Participant: 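Okay, here's the structure, questions in a sec.
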Amino acid sequence: MITTDQPHPSNWLEIQGSTVLPTQVADSIRTALTNGWSPMSPGPPFLLDQSVGFVPSH
C-alpha cells in the first residue's frame with residue numbers, strides 16, 4: 001500500500017489530484033522491493049510512504 005504526495009482524485013475537499021503514471025507505479029514497486037517488500041510472502045500489507053512534501057490545503 002503506497003501513500004503518495006498527491007491527493008486522491010475523489011477527495012472530499014475537492015483538491016485537484018493528478019494521474020498516476022505507469023512509470024511512477026514501476027518506480028514505487030522497485031522502491032518497495034528495495035525496502036523489503038516480498039510480494040510472494042504472506043503477511044500484512046507492505047506500507048510504503050512516499051508522502052514527503054505533501055501539504056494538505058484546508
Side-chain angles (χ1 to χ4, degrees):
M1 185 164 27
I2 301 171
T3 303
T4 69
D5 62 350
Q6 298 293 318
H8 191 279
S10 66
N11 70 78
W12 58 275
L13 296 173
E14 299 180 10
I15 300 169
Q16 183 71 24
S18 62
T19 303
V20 177
L21 301 174
T23 54
Q24 293 168 308
V25 173
D27 183 51
S28 294
I29 290 171
R30 283 190 290 273
T31 300
L33 288 168
T34 299
N35 285 292
W37 178 46
S38 181
M40 300 306 285
S41 297
F46 184 84
L47 305 177
L48 180 62
D49 187 350
Q50 296 183 316
S51 64
V52 173
F54 179 72
V55 179
S57 56
H58 30 73

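Reckoned from all heavy atoms, side chains included, excluding hydrogens, waters and symmetry mates. Please read all numbers here as calculations on a predicted model, not as lab measurements.
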Participant: List the atom pairs, with distances to 0.1 Å, where a side-chain N or O of residues 20-29 and a protein N or O form a donor-acceptor pair under 3.5 Å, not counting sequence neighbours.
Facilitator:
residue, atom, partner, partner atom, Å
Gln24, OE1, Leu21, N, 2.6
Ser28, OG, Gln24, O, 3.0
Ser28, OG, Gln50, OE1, 2.9

Participant: For Thr31 and Asn35, work out which heavy atoms get closest and say how close.
Facilitator: O-ND2, 2.8 Å
Participant: What's the separation between atom OG1 in Thr4 and atom CG in Leu48, rounded to the nearest 0.5 Å?
Facilitator: 10.5 Å
Participant: Under the 4.5 Å side-chain heavy-atom rule for ILVMFWY, direct or indirect, which residues accompany Leu47?
Facilitator: Met1
